[in-house]
Amino acid sequence: SSKLYTMFNRLIPKRQCIRPYSIANRNICGLIRANNNNHISNPHLIQNESSSILSSPLSSISTNILSPSVSTHLSCINHRNNIRYFGTKIKTYNQPDVGEGTVEVDILEWLIKEGDKVKALQTIGRGKYEKADVDILAPTYDGIVHKILVEAGTVAIVGKPLIEFEVEDDGSAPSTSASNPIQNDSDTTKNIDSSTMAKQTSAGGSSTINNKGVLALPATKHYAKEHGIDLSLVSGTGKDGRILKEDVIAFMNGEQSSSTSSSKPSTPKVMKPTVKHPHREIHQVKQDHVEKIFGVKKAMVKKMTEANSVPQFGYGDEIIMNELVSLRKQLKPLGEQYGIKITYLPFILKATSLALSNPQSTCLNAYINAECTELTHKGSHNIGVAIDSPEGLIVPNIKHIEQKSVMEIAKDLDDLIQRGKSGQITNEDITDGTFTLSNIGAIGGTYCSPICFVPEVCIGALGTIKQFPRYNKNGELFNASVMAISWSADHRVIDGATVARFSNDFKMYLENPSSMLLHLK
């Protein structure tokens, strides 16, 4: 009787079981009213147990009633008076923070299944975030896997429920916060002995832990920070002295400190000379903010991700633009009479169309299907021009350039640029493009590595026109206006020789713009 009474008195009053447990699970869930007579107070004894038990003194009750071998089902209910219980409960384990601002963790695989017994801090699975693979550790308590809430192959959110564990209920008060069970677990705190806490306090001088500069993974530093461990006091057993999570756990359990103190006598520390470094306070002026990706930027994410899966061939050349610079100066006043701004780009677009008309280069003005089984040669030259708009990168295209004059191309181009700045680009403007040019040189830069705008198979990037010394065919030095051109092509269906021949035709038209007159319609 006294043993039973002592055992029940270890439990906390006013606590209700999560759910009733049967003898099949070999769990016990009983209630004792802590009054002067020490009577059992439970109106829910089931399966033909004598009702006289309810009014019997505790000393007269057989211990078999509370034995797991008895086919008795006791359910816990909440009473207003002092009630004590014991049994098991379900505890939710949330996805811990792996550090570095990570919000999502991809679950690669689970090394456990429902019903498995799990030890504290056991490796139970593998995950991946944007910078590295990580081991998923069990919480700081033992338990049985009740339910896996996030399946392998899906994404776990930091701070959200990950797994439910069935653990022994020691009668402790329920946790007031489930956002991070590692922080709320009291068992880990108990494992840190007073000598360890004293060492950290004396070494750090304050409760603030700074583990920067210590050779350890971010996850290990985060784990140590959560448990208030100064990693400078921990001896690393990893490569080059790297501190592992196991080292932190051993330090928390007092294994490192005890082994060190028992094996080596205390020796006076040799004080190293203090080197004073200039200190500069950094004041954070602006706060971090999160920008949602939507609209044009979201479409760009999808398109560039798709394009990045394509193997691309790069080719570059430089073009002497002296003749075109001179021709533009002559035609610029004429364009102003019609209210049209004459730039270099209309000539470049027309030269691109003429180069694509070469039978050896028509495959560059084409679409590739998703299965990469068909290449469709497009009859129209709908050449897109990448424009930097306030909403992000947009690529409207000018339709049927093969049928238009330089003046008509300049007019259409100016219209697209103006509507792009005011956000009036329509869906018709950005669809049915067959070839793309990026005029990155309008902002700056010489060379570029453009990415094909799938399903198109070729794209070009124009550099800034710059002045360089060059030699002519007679070996005479002259001042050259040079523009670099960078091509990228889908190397699954386009070979380097095709791109080189096309680039030579393109270069010829721009270096000798008068030759374009022979092909104008």
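Positions are given from 1, in the same order as the sequence printed here. These figures come from a predicted structure and were not determined experimentally.
- Residues D495 and T498 bring a donor and an acceptor atom of their side chains to less than 3.5 Å of each other.
- Atom CG in L231 sits 8.0 Å away from atom OG1 in T220 (nearest 0.5 Å).
- Figure legend: cation-pi geometry between K245 and Y223, with NZ or CZ positioned under 6.0 Å from the six-membered ring centre and within 45° of its axis.
- Counting only N and O atoms by type, the side chains of T237 and D247 include a donor and acceptor under 3.5 Å apart.
- To the nearest 0.5 Å, atom CD1 of residue I387 and atom CD1 of residue I430 are 11.5 Å apart.
- Contact check for I163 versus W110: side-chain heavy atoms found under the 4.5 Å cut-off.
- A heavy-atom distance below 4.5 Å is not found between the side chains of I90 and F165.
- You'll find the side chain of Y141 reaches within 4.5 Å of the side chain of K91, heavy atoms only.
- With rounding to the nearest 0.5 angstrom, the CG atom of N308 is 11.5 Å from the SG atom of C452.
- Judged purely by atom type and a 3.5 angstrom limit, S488 uses its side chain to pair as donor or acceptor with the backbone of P450.
- Between L137 and Q122, the closest side-chain pair of non-hydrogen atoms is not below 4.5 Å.
- The nearest pair of heavy atoms linking Q312 to V310 is CG-O, 3.0 Å.
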Does the pair K113 and V145 meet the rule for a side chain to side chain contact (heavy atoms under 4.5 Å, CB included), with working shown? CA-CA 7 Å; K113 61 183 182 296; V145 180; over 6 Å; no
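- Nearest heavy atom pair, residue A461 against residue I485, reads O-CD1, 3.4 Å.
- Smallest separation of non-hydrogen atoms from D97 and V158: CA-CG1, 3.7 Å.
- Classification of the H491-F313 ring pair by plane angle, with boundaries at 30° and 60°, yields tilted.
- In this structure, I293 CD1 and K302 NZ are separated by 15.0 Å, a value rounded to the nearest 0.5 Å.
- Rounding to the nearest 0.5 Å gives a distance of 16.0 Å between CZ of F251 and CD of E246.
- Between Q95 and I157 the shortest side-chain heavy-atom distance does not fall below 4.5 Å.
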Determine, step by step, whether T140 and L121 satisfy the side chain to side chain contact (heavy atoms under 4.5 Å, CB included) criterion, reporting the C-alpha distance in whole Å, the side-chain angles of both residues, the deciding distance to 0.1 Å, and the verdict. CA-CA 6 Å; T140 54; L121 301 176; 3.9 Å; yes
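- Of all the heavy atoms in A489 and V499, the pair that sits closest is CB-CG2, 3.8 Å.
- V105 places none of its side-chain heavy atoms less than 4.5 Å from the side chain of V155.
- Under the 4.5 Å side-chain criterion, counting only non-hydrogen atoms from C-beta, K117 is not in contact with D142.
- Between the NZ atom in K147 and the CD atom in E166 there is a gap of 14.0 Å [rounded to 0.5 Å].
- When all heavy atoms of I440 and C448 are compared, the pair lying nearest together is CG2-CB, 4.4 Å.
- The side-chain heavy atoms of I368 and D490, taken from C-beta on, include a pair separated by under 4.5 Å.
- Of the possible donor and acceptor atoms, one in the side chain of N253 sits under 3.5 Å from a partner among the backbone N and O of I249.
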Would you check, one step at a time, whether the test side chain to side chain contact (heavy atoms under 4.5 Å, CB included) holds for I144 with V118? CA-CA 6 Å; I144 299 175; V118 174; over 6 Å; no
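- Judged by distance alone, with hydrogens and angles left aside, the side-chain atoms of D230 form no donor-acceptor pair with the main-chain N or O of L233 at under 3.5 Å.
- Heavy atoms only, all atoms of each residue included: G441 and T464 are closest at O-OG1, 2.8 Å.
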Please report the C-alpha distance between V482 and E318 in whole Å, then the side-chain angles of each, then the deciding distance to 0.1 Å, and finally whether the side chain to side chain contact (heavy atoms under 4.5 Å, CB included) criterion is met. CA-CA 6 Å; V482 180; E318 63 176 32; 3.7 Å; yes
